[in-house]
Amino acid sequence: MNSTPNAAVAASPIQSSSSSPSNHYSNNRTTTTMTTAAAADDIIGTTTTHQPMRNYDGTEMRDAQSRIVYKSQFLSTHPLKSDCKERVGYGGKKFTYVSGDGVIRTMNAIFGHGGWSSQITMERNVLSEKDERGRWNVGYLASVRVTLHNHHNHPNNNNSVSHEDCGSGEGIDTNKVKAHEKAMKSAITDAMKRAARHFGERLGNALYVKGYGIRTAPRTNKDALAELERKDCINLF
């Protein structure tokens, strides 16, 4: 399958060049791919550690002490409350998650619109049946690979670092096509978010820490950076 540039993803969370499901399925839920050590260092160094974050007006992002905020620092902060949502899971317990559009927005802000891409590596229909109310109950599994590209080269070159993860989705509708569409989109978005979180806390990995949720999420980048600095100070002693 061909990789999908994230510029096109803005209109639709993930797109694939093939409309038919792949027969390939990996039992390994998480896969990390690095082309070579030198290439990986080049990507990470160029894209995160050695580059400052930019505000939407193009200026360098700075913290409360007017120090430059680097991409590696930004990735270590927790996601903002505006990017978080809450749902009720098993046993009535509430879970916080980062929305699909929130992940895409954050990836674009950190790596640039042409600095990353996503690719559907597997999609599989695992359930399609009618319930007693005549509604179609549909379930899908999907795997998505999220790749960071070297800004100095074409996005399709081998200088890249990627993470791959799987997701699931379900759709219920009286219309069979709509039920399949809902389930497939949900599975692909879930897989994309799970793959992206491996790049940093800001992309949702922080939500796996017990005690962290939408009620404790920072409201602004300034709050998120101040929280990171407090935690760094604690860890130093």
Side-chain angles (χ1 to χ4, degrees), residues 6-7 9-10 13 30 32 43-89 93-118 144 146-149 151 161-163 165 167 189-237:
N6 60 310
V9 177
T30 304
T32 303
I43 296 298
I44 296 301
T46 303
T47 311
T48 58
T49 306
H50 300 305
Q51 281 198 356
M53 277 295 299
R54 296 280 176 180
N55 296 309
Y56 288 108
D57 61 359
T59 58
E60 291 179 342
M61 183 179 290
R62 293 179 179 270
D63 61 15
Q65 286 74 43
S66 296
R67 296 170 299 191
I68 294 175
V69 176
Y70 291 93
K71 293 183 178 182
S72 57
Q73 292 174 272
F74 195 80
L75 281 167
S76 298
T77 62
H78 286 189
L80 301 184
K81 180 170 289 188
S82 58
D83 289 331
C84 295
K85 293 185 178 181
E86 196 172 55
R87 65 177 177 83
V88 178
K93 186 177 180 180
K94 293 182 179 180
F95 293 89
T96 299
Y97 65 97
V98 179
S99 62
D101 61 297
V103 170
I104 292 173
R105 185 165 50 249
T106 303
M107 292 287 287
N108 285 338
I110 300 173
F111 304 113
H113 292 80
W116 68 283
S117 64
S118 57
V144 170
V146 175
T147 303
L148 304 186
H149 302 293
H151 289 300
V161 179
S162 63
H163 290 291
D165 214 323
T189 300
D190 185 39
M192 182 272 292
K193 294 192 301 179
R194 293 181 65 86
R197 77 179 179 89
H198 295 284
F199 288 110
E201 305 303 296
R202 184 61 176 250
L203 293 162
N205 196 52
L207 300 178
Y208 286 78
V209 178
K210 185 177 181 180
Y212 183 81
I214 193 170
R215 291 169 180 76
T216 59
R219 294 181 178 274
T220 65
N221 286 328
K222 183 178 180 180
D223 294 337
L225 289 165
E227 179 184 14
L228 176 64
E229 186 170 3
R230 286 195 298 270
K231 290 183 176 180
D232 283 346
C233 288
I234 292 173
N235 291 333
L236 287 176
F237 300 99

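- Listed by chain and number, the residues in a side chain to side chain donor-acceptor pair (under 3.5 Å) with Ser82 amount to none (sequence neighbours excluded).
- A 4.5 Å side-chain heavy-atom check between Arg54 and Thr59 finds every atom pair outside the cut-off.
- Here the closest non-hydrogen pair linking Pro79 and Pro218 is O-CD, 3.5 Å.
- Judged as a salt bridge (charged side-chain N to carboxylate O under 4.0 Å, His left out), not a single pair has a partner in residues 199-209 (not counting sequence neighbours).
- Interatomic distance, Phe199 CZ to Ser72 OG, rounded to the nearest 0.5 Å: 14.5 Å.
- Legend: residues meeting salt bridge (charged side-chain N to carboxylate O under 4.0 Å, His left out) with Asp190, ordered by chain and number and at least two apart, are absent.
- The shortest side-chain heavy-atom distance between Asn221 and Thr77 does not fall under the 4.5 Å cut-off.
- Applying the side-chain contact (heavy atoms from CB on, under 4.5 Å) criterion to Ala195, with sequence neighbours excluded, gives Val146, Asp165.
- Residue pairs meeting the salt bridge (charged side-chain N to carboxylate O under 4.0 Å, His left out) criterion with at least one member in residues 57-69, sequence neighbours excluded: Glu60-Arg62, Asp63-Arg67, Arg67-Glu229.
- Counting only heavy atoms from C-beta outward, the side chains of Gln51 and Tyr70 never approach each other to under 4.5 Å.
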Between Trp116 and Ile104, is the side chain to side chain contact (heavy atoms under 4.5 Å, CB included) condition met? List the steps. CA-CA 10 Å; Trp116 68 283; Ile104 292 173; 4.2 Å; yes
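- For the residue pair Pro52 and Ile68, the shortest heavy atom distance occurs at CB-CG2, 3.4 Å.
- Partners of Thr96 under the side-chain contact (heavy atoms from CB on, under 4.5 Å) rule, at least two apart in sequence or in another chain, are Cys84, Glu86, Leu207, Ile214.
- Looking only at side-chain heavy atoms (C-beta outward), Leu80 and Thr220 stay at 4.5 Å or farther from each other.
- Side-chain atoms of Lys71 come within 3.5 Å of backbone atoms of Ile110 as a donor-acceptor pair (strictly under, hydrogens ignored).
- Contact annotation: the side chain of Thr106 approaches that of Asp83 to within less than 4.5 Å [non-hydrogen atoms, C-beta and beyond].
- For Tyr212, the ring pair (Phe, Tyr, Trp, His ring centres under 6.0 Å) partners at least two apart in sequence or on another chain are His78.
- A search for side-chain contact (heavy atoms from CB on, under 4.5 Å) contacts involving Ser99 returns Lys85, Asp101, not counting sequence neighbours.
- Of the inter-residue distances, the one linking Lys94 atom NZ with Arg87 atom CZ reads 13.0 Å to the nearest 0.5 angstrom.
- Side-chain atoms of Phe111 and His149, non-hydrogen and from C-beta on, never get closer than 4.5 Å to each other.
- The two residues Leu228 and Ser76 come nearest to each other via the heavy atoms CD1-O, 3.8 Å.
- Met61 CE to Met53 CE: the interatomic distance, rounded to the nearest 0.5 Å, is 4.5 Å.
- The shortest non-hydrogen separation linking Gly100 to Thr189 is CA-CG2, 3.9 Å.
- A donor-acceptor pair under 3.5 Å is absent between the side-chain atoms of Glu227 and the main chain of Ala224, judged by distance alone.
- At least one side-chain heavy atom of Lys193 sits less than 4.5 Å from a side-chain heavy atom of Tyr97.
- For the pair Thr147 and Val161, the minimum side-chain heavy-atom distance is 4.5 Å or more.
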